[in-house]
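All ligand and atom numbering here is 1-based and tracks the order in the structure. Owing to the predicted nature of the structure, the values given are computational and were not obtained by experimental measurement.
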Amino acid sequence: MSRFSLMNCNRILYNLQRRPVALVQRRFIHLSSSRTGAASQQVLRHLDQELDGIRESGLWKHERVITTKQDSRIGVAQQDSSILNFCANNYLGLSSDPAVIEAGKKALDEYGAGLSSVRFICGTQTIHKHLEQQIAAFHGKEDAILYASCFDANAGLFETLLTKDDAVLSDELNHASIIDGIRLCRASKYRYHHLDMADLEEKLKDAQKFRHRLIATDGVFSMDGDVTPLKEICNLADKYNALVFIDECHATGFLGKTGRGTDELLGVQDKVDLINSTLGKALGGAAGGYTAGPKQVIDLLRNRSRPYLFSNSLPPPVVACASKVFDLLMDGSPLVEDIQSKTKRFRSKMTAAGFTISGSEHPICPVMLGDANLAASMSEDLLKKGIFVIGFSYPVVPMGKSRIRVQISASHSVEDIDRVVDAFIDVGRAHKVIP
Ligand code: PLP
């Protein structure tokens, strides 16, 4: 199987996991009843065993079905009352912001439901160009290019930019989409230990034999909420003549004084060459991703990047929602300071209660528990108290490092924060996690 079709298989499986349960079940029933050959029976028996194994080890991913908009309070199927939501990447609470929704509705009327085309055939509207200019200006870069997702932006960057004469140096805990994107490229690959600058330096020394070097890292690692040491990375990049790429999905819009991201937080905005990020988290939460960087790189991506060239344009309402968010953030927004102070409140209260919270001062607050079944049953108990949080376990996090990831949003009230802490204390005591 070619690298590209392998990648497609991964994407299909990944997308399948995100589809509504009923749809997947219907497809599965169709597959199992229509394919009765010996080979398919054999594969399905094997899959049954695999699935039983996932269930038995407490690693099954349950998808709760939301019946409302994404917000700090949501309706959840089979729950009578509304639930306090602490597990969305809706950092600034803009997914249900009236001005953002209105912008989406207006674009639907004016520009239609979609483009039925890729960008270079007849899928570029004025609003796509405008959003790309907003993104470039927000990050202080020359240009930007939109993708259907940040997964696609990561899948399309490395293969386009790097050849077999180059090297890429990647943090071992980078997001799956960076790892997959790097797999697709022909450059020599170095994996440095997580956040380990001494190891990165050793690998940069070895990589001097290549034409170009690119250091690739998440700005913020979503499973632990830890921030990459970007200043040190940029210093090493200067010393060893390398480019710096950051994935800012968990930083754009709210990290740093004006929400520009990790580079602003750590004072290296002029040192980072390439930024990929998502429109599907803090920036309104609809969908879409982008690369921002030098004009030549963006021009090359427009001409060669496969997920850009061979995939449909972002739909107008999605573009308009994101554009409205950039309008709100461009000159600074009180939401940025708001989420930072609420994050501090949650982290300090939970630590005082005896919980271990991983990461630094980031709204991703992983409550470390270790055991997968413990994380699953505590999150069930929290749901009974009206709190929606998710237990993360292998393979999303390493074996034995299960946790409940709490995510703070600017749309939570101070009372919401205190309520979730109180609920954790009750449930944590019942499970003997804290005294
Ligand atoms: N990069 C990181 C660090 C992420 O957390 C995610 C989403 O989970 C992605 C990339 C993919 O973003 P998108 O949902 O826009 O494909």
Novice: So, is V220 polar-close to ligand 1, with some N/O to N/O distance under 3.5 Å?
Specialist: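 In fact, backbone or side chain, V220 has no N or O that close.
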Novice: Run the salt-bridge test on E201 and K239 with the 4.0 Å N-O cut-off and return the result as yes or no.
Specialist: yes
Novice: Taking only residues two or more places apart in sequence, or in another chain, which ones meet D199 in a side-chain hydrogen bond (donor to acceptor under 3.5 Å, both in side chains)?
Specialist: K203
Novice: Does any N or O of ligand 1 fall below 3.5 Å from an N or O anywhere on D247, backbone included?
Specialist: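 Between D247 and ligand 1, an N or O pair is found under 3.5 Å apart.
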Novice: If you count the atoms of ligand 1 from 1 in the order shown, which ones are under 4.0 Å from a heavy atom of T278?
Specialist: 13 (P), 15 (O)
Novice: Give a yes or no on whether a salt bridge exists between K342 and D416, defined as a side-chain N under 4.0 angstrom from a carboxylate O.
Specialist: no
Novice: If you measure every N or O of C249 against every N or O of ligand 1, does any of those distances drop under 3.5 Å?
Specialist: no
Novice: Do you know which two heavy atoms are closest between L314 and A148, and how far apart they sit?
Specialist: CD2-CA, 4.0 Å
Novice: Output all residues satisfying ring pair (Phe, Tyr, Trp, His ring centres under 6.0 Å) with Y290, sequence neighbours left out; order by chain, then residue number.
Specialist: H139
Novice: Enumerate the atoms of ligand 1 whose separation from the nearest heavy atom of H250 is less than 4.0 angstrom.
Specialist: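 Those of ligand 1 that fall under 4.0 Å from H250 are 3 (C), 4 (C), 5 (O).
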Novice: How does S177 reach ligand 1, if at all, at less than 4.0 Å between non-hydrogen atoms: by side chain, backbone, both, or neither?
Specialist: side chain
Novice: Establish, yes or no, whether a centroid distance under 6.0 Å links the rings of H194 and F221.
Specialist: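 Yes, close enough.
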Novice: What are the atoms of ligand 1, with element, lying closer than 4.0 Å to any heavy atom of F151?
Specialist: 11 (C), 12 (O), 13 (P), 16 (O)
Novice: Give yes if a backbone or side-chain nitrogen or oxygen of S222 is under 3.5 Å from a nitrogen or oxygen of ligand 1, and no if not.
Specialist: no
